Amino acid sequence: MDSSHEIFPQPKQFLESESVTPYADAAVVVVPIPYEATTSYRKGCQYGPGAVLEASDQLEAYDEELNTSPCHDLGIYTCAPLADSNEHPTLAGDAMVTQVCDGIVPFVEDGKFVVAIGGEHAITTGVVRAMQKVTSESFTVVQIDAHGDMRDKFEGSQHNHACVMRRVLELGLPTLPIAIRAICQEEADLIREKNIPVFWAREMADNPDWIDQAIASITTEKVFLTIDMDGFDPGFMPGVGTPEPGGLGWYEGLKFFRRLFQTKQVIGCDLMELAPVPGSVVSEFSTAKLAYKLMGYWGESQGKKP
Ligand SMILES: N=C(N)NCCCCNCCCN
Ligand SMILES: [Mn+2]
Ligand SMILES: [Mn+2]
């Protein structure tokens, strides 16, 4: 895609307080997807992407772990929001999936590293389909989440946020669920039937080798990383739709992500289900920081400035 798709005035850019990069020069594309239609408990993830972009301006450009400033060394472009529930509150799930897929395919075709920011987890079906359209080889969808999200249908929809990983399985892709700690009987039966290699939060807490074991279990070279922010401990990440106690610690999660980028080809990622808590910026700042860390890990994996 040429840069003619850029619109003026330009949409809010990720970390624009530090650097603004034209699409053609950016290695990373941030895709805000403020879609919310099926969240079943706390609402508000449609405000997640905007909150992350606002918080991003407060990030330090320099990453002391990586000795790099991804916004300068990689270049980040933020496109206009896709499937925006704030503009189109009645957009149906299947139409959203198509809009997200069609909107992201050009970025992947242009070789950009896509960082999609939701919005509810149902969005990931569209992001994964975009990756599948462009990537010839199979890839594993690594899922960080408190929930299995493997129901066939929930509250009347197959594009419910509690069904997204069932849709991904139906696309014929292997999955690796990590930090799971809340499922239903239907999901437990499916996990046994399909022998899905779930890393349960409860077992991870007692297993210092879970990171090595999780990465060793991935059979494909390529990986798509989907992060439901409720996969983290709600103690520091309370702004999610369905907070479950337990979950990943911050540095534990970063250790896993850096190792994943170092050992596999991560073809894209998304950060989902942030629902900001009124009066607090902790959750959106953590989400913005995580997005920036993932950009840095991707850059390191590409042999960009160490
Ligand atoms: N964020 C999620 N993926 N949530 C999964 C569905 C929530 C089911 N709560 C229990 C409902 C009991 N009727
Ligand atoms: Mn979840
Ligand atoms: Mn989820």
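Here the structure is a predicted model, which means the values were calculated and not measured. Counting convention: from 1, in listed order, for ligands and their atoms alike.
- Residue nearest to atom 2 (C) of ligand 1, selected from Glu273, Met165, His161, Glu244: His161 (by heavy-atom distance).
- Within 6.0 Å of atom CD in Glu60, 12 or fewer heavy atoms from other residues, nucleotides or ligands are found, so the atom counts as exposed in its surroundings.
- For His121, the N/O/S atom at the shortest distance from the Mn ion (ligand 3) is named ND1.
- Note on ligand 1: Arg151 sits in its first shell, one or more heavy atoms being nearer than 4.0 Å.
- As for Asp145, its N/O/S atom nearest the Mn ion (ligand 3) is the one called OD2.
- In summary, Glu244 and Arg181 do not engage in a salt bridge, as defined by a charged side-chain N under 4.0 Å from a carboxylate O.
- Among all heavy-atom pairs drawn from Gly44 and Pro276, the shortest one is O-CD, 3.6 Å.
- Summary: OD2 is the N/O/S atom of Asp228 found nearest to the Mn ion (ligand 2).
- In terms of heavy-atom proximity, Cys79 sits nearest to Pro11 at C-CG, 3.8 Å.
- No more than 12 heavy-atom neighbours from other residues, nucleotides or ligands sit within 6.0 angstrom of NZ on Lys194.
- Remark: ligand 1 and Asp228 share no N or O pair separated by less than 3.5 Å (distance only, no angle test).
- Scanning the protein for heavy atoms near atom 7 (C) of ligand 1, the closest one is Ser40 OG, 4.0 Å.
- Of the N and O atoms on the side chains of Asp228 and His161, not one donor lies less than 3.5 Å from an acceptor on the other residue.
- The closest donor-acceptor contact from the side chain of Ser286 to the backbone of Ser283 lies at 3.5 Å or more, if one exists at all.
- Of all the N, O or S atoms in Asp149, the one closest to the Mn ion (ligand 3) is OD2.
- One finds a salt bridge joining Arg167 and Asp152 here, because a Lys/Arg side-chain nitrogen approaches an Asp/Glu carboxylate oxygen to under 4.0 Å.
- Nearest protein heavy-atom neighbour of atom 11 (C) of ligand 1: Phe154 CZ, 4.3 Å.
- Atom 13 (N) of ligand 1 is never approached by the protein to below 4.0 angstrom, counting heavy atoms only.
- Other residues, nucleotides and ligands contribute more than 12 heavy atoms inside 6.0 Å of the NZ atom of Lys293.
- Atom OD2 is the N, O or S atom of Asp230 at the shortest distance from the Mn ion (ligand 2).
- Taking the N/O/S atoms of His147 in turn, the shortest distance to the Mn ion (ligand 2) belongs to ND1.
- What sits closest to atom 3 (N) of ligand 1 on the protein, heavy atoms only, is Asp149 OD1, 2.7 Å.
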